[in-house]
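All values below come from the heavy atoms of this structure, side chains included, with hydrogens, waters and symmetry mates left out. Start at 1 and go down the list; that is how both ligands and their atoms are numbered. Predicted, not measured: the structure shown is a model, and the values here were computed from it.
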Amino acid sequence: MKIGRFRKLRNLDWLGSVWRITTVNPFVKYFDVKKQKLMETHIAPFPEELALRLITLYSKRRDYVLDPFCGSGTTNYVALSLKRKTIGYDLEQKYIDMARQRCGGRGMFICKGSENMKEVYSNSMQLCVTSPPYLNLRKYSNNPKNIGNHKDPYPALKKVFKEVYRVLKPRGHFCLNVAGAPDGKGNCHRFPFDMIYLCQEIGFRFKTTIIWDKGITLREWNIENNKPNENHEYVWVMEK
Ligand SMILES: C[S@@+](CC[C@H](N)C(=O)[O-])C[C@H]1O[C@@H](n2cnc3c(N)ncnc32)[C@H](O)[C@@H]1O
């Protein structure tokens with residue numbers, strides 16, 4: 001049995017398809033010792049551990065890792081700490097500033113919509129790890145161009161994913177983190193599953209699903225009504 005490569009993994013649980021990782025509380029501010037003040041954080045970050053596992057599994061040292069919706073730069077920060085090179089896009093200057101500061105000036109950050117990533121060569125990225133904005137789940141800004149504010153985010157997301165496809169190397173991976181969303185009528189939106197179809201239309205091969213188990217957060221409502229609370233998100237793993 002070839003175990004050399006897996007010795008580098010912290011835990012063989014990574015090779016299972018359900019990952020229990022505590023979620024990040026977006027409302028916790030952090031104290032910047034240099035500036036002596038509490039700093040704002042992003043409103044929808046994913047945990048470093050999620051990015052760490054995906055980057056370790058799907059890339060190697062010196063590879064390029066992209067996040068077209070980099071927010072506070074979690075993917076980029078972890079990529080750098082694992083000795084990868086990294087590029088991040090975000091429409092909002094405040095998030096680009098956050099990501100730059102977090103990465104200590106390393107990595108390349110571009111403040112513009114990732115529907116067009118002409119700064120990046122075709123077939124140059126090994127991996128893309130991202131979580132998209134959608135369906136007004138979070139208010140990132142008042143900018144109508146922000147996909148989080150689009151009534152119908154599908155066309156813009158398709159443009160971004162087409163660009164991801166272009167810049168990925170053949171056999172490079174695209175890890176897309178999406179969560180279930182209420183549709184406003186008491187039902188679940190099929191958005192996460194539509195993303196699989198959308199990526200397949202572009203040409204991606206759908207390789208595997210990772211369920212990110214965020215741990216149980218029950219509200220009184222769940223207990224009183226005997227109704228489960230959704231405590232997971234998906235990571236769709238696609239290949240070019
Ligand atoms: C779910 S958040 C990403 C959070 C990130 N994973 C983190 O850990 O901080 C999605 C981000 O996409 C950005 N965004 C929205 N529309 C965009 C666009 N057209 N191009 C690039 N970024 C965009 C939002 O401003 C937001 O920061």
Practice task
Note the single closest protein heavy atom to atom 4 (C) of ligand 1, along with its residue, its atom name and the distance in Å.
Solution key: A44 O, 3.3 Å
Problem - Residue among I87, L52, L54, D67 satisfying side-chain contact (heavy atoms from CB on, under 4.5 Å) with T75 - result: D67
Exercise for the section: Might you work through the salt bridge (charged side-chain N to carboxylate O under 4.0 Å, His left out) test for R20 and D213, ending with a clear yes or no? Expected result: CA-CA 5 Å; R20 180 83 182 261; D213 169 6; 3.7 Å; yes
Practice task
With heavy atoms only and a cut-off of under 4.0 Å, state how P68 meets ligand 1: side chain, backbone, both or neither.
Solution key: backbone
Exercise for the section: Report the relative orientation of the aromatic rings in Y154 and H189; use parallel for angles under 30°, tilted for 30 to 60°, perpendicular for over 60°. Expected result: tilted
Exercise for the section: Look at atom 1 (C) of ligand 1 and find which of F46, Y140, Y89, Y134 reaches it with the closest heavy atom. Expected result: Y140
Problem - Test applied, side-chain contact (heavy atoms from CB on, under 4.5 Å); reference residue, K240; option that passes from V167, I202, N123 - result: N123
Fill in the blank from the handout: Within 4.0 Å of some non-hydrogen atom of E92, the atoms of ligand 1 are 25 (O)
Problem - Ring centres under 6.0 angstrom apart (F193, Y234) - result: yes
Problem - Euclidean distance, C70 SG relative to F109 CZ, rounded to 0.5 Å - result: 5.5 Å
Handout entry: For E115, the ligand 1 atoms whose distance to one of its heavy atoms is below 4.0 Å
Key = 19 (N)
Problem - Ligand-side contact atoms (ligand 1) for residue partner G113, heavy atom cut-off under 4.0 Å - result: 18 (C), 19 (N), 20 (N)
Handout entry: From the candidates G88, S72, C111, the one that places a heavy atom nearest atom 9 (O) of ligand 1
Key = S72
Completion exercise
The option among A179, C70, S131 carrying the non-hydrogen atom nearest to atom 5 (C) of ligand 1 is C70
Problem - Short N or O distance, I147 and ligand 1, threshold 3.5 Å exclusive - result: yes
Exercise for the section: Show your reasoning for whether side-chain hydrogen bond (donor to acceptor under 3.5 Å, both in side chains) applies to D97 and Q101. Expected result: CA-CA 6 Å; D97 292 345; Q101 197 196 358; over 6 Å; no
Practice task
Compute the shortest N/O to N/O distance between T74 and ligand 1 and return yes if it is under 3.5 Å, no if not.
Solution key: yes
Practice task
Could you say whether the N/O atoms of D90 and ligand 1 ever approach to under 3.5 Å?
Solution key: yes
Handout entry: Presence of salt bridge, K159 and E163, under 4.0 angstrom
Key = no
Exercise for the section: Measure centre to centre between the rings of F204 and F161, then say whether the value is under 6.0 Å. Expected result: no
Handout entry: Heteroatom proximity flag, Y95 to ligand 1, N/O under 3.5 Å
Key = no
Exercise for the section: Please confirm whether S114 comes within less than 3.5 Å of ligand 1 when only nitrogen or oxygen atoms on both sides are compared. Expected result: yes
Handout entry: From L50, N149, N146 - option closest to atom 15 (C) of ligand 1 by heavy atom
Key = N146
Problem - Geometric N/O contact F69 with ligand 1, under 3.5 angstrom - result: no
Exercise for the section: Determine whether the side chain, the backbone, both or neither of A156 has a heavy atom under 4.0 Å from any heavy atom of ligand 1. Expected result: neither
Practice task
Supply the atom-to-atom distance Y58 OH to L127 CG, rounded to the nearest 0.5 angstrom.
Solution key: 9.5 Å
Completion exercise
Output for pair (T86 OG1, L66 CG), nearest 0.5 Å, gives 7.5 Å
Handout entry: Proximity of K112 to ligand 1 by residue part, where a heavy atom lies under 4.0 Å
Key = backbone
Exercise for the section: Indicate yes or no: does an N/O atom of L91 lie under 3.5 Å from an N/O atom of ligand 1? Expected result: yes
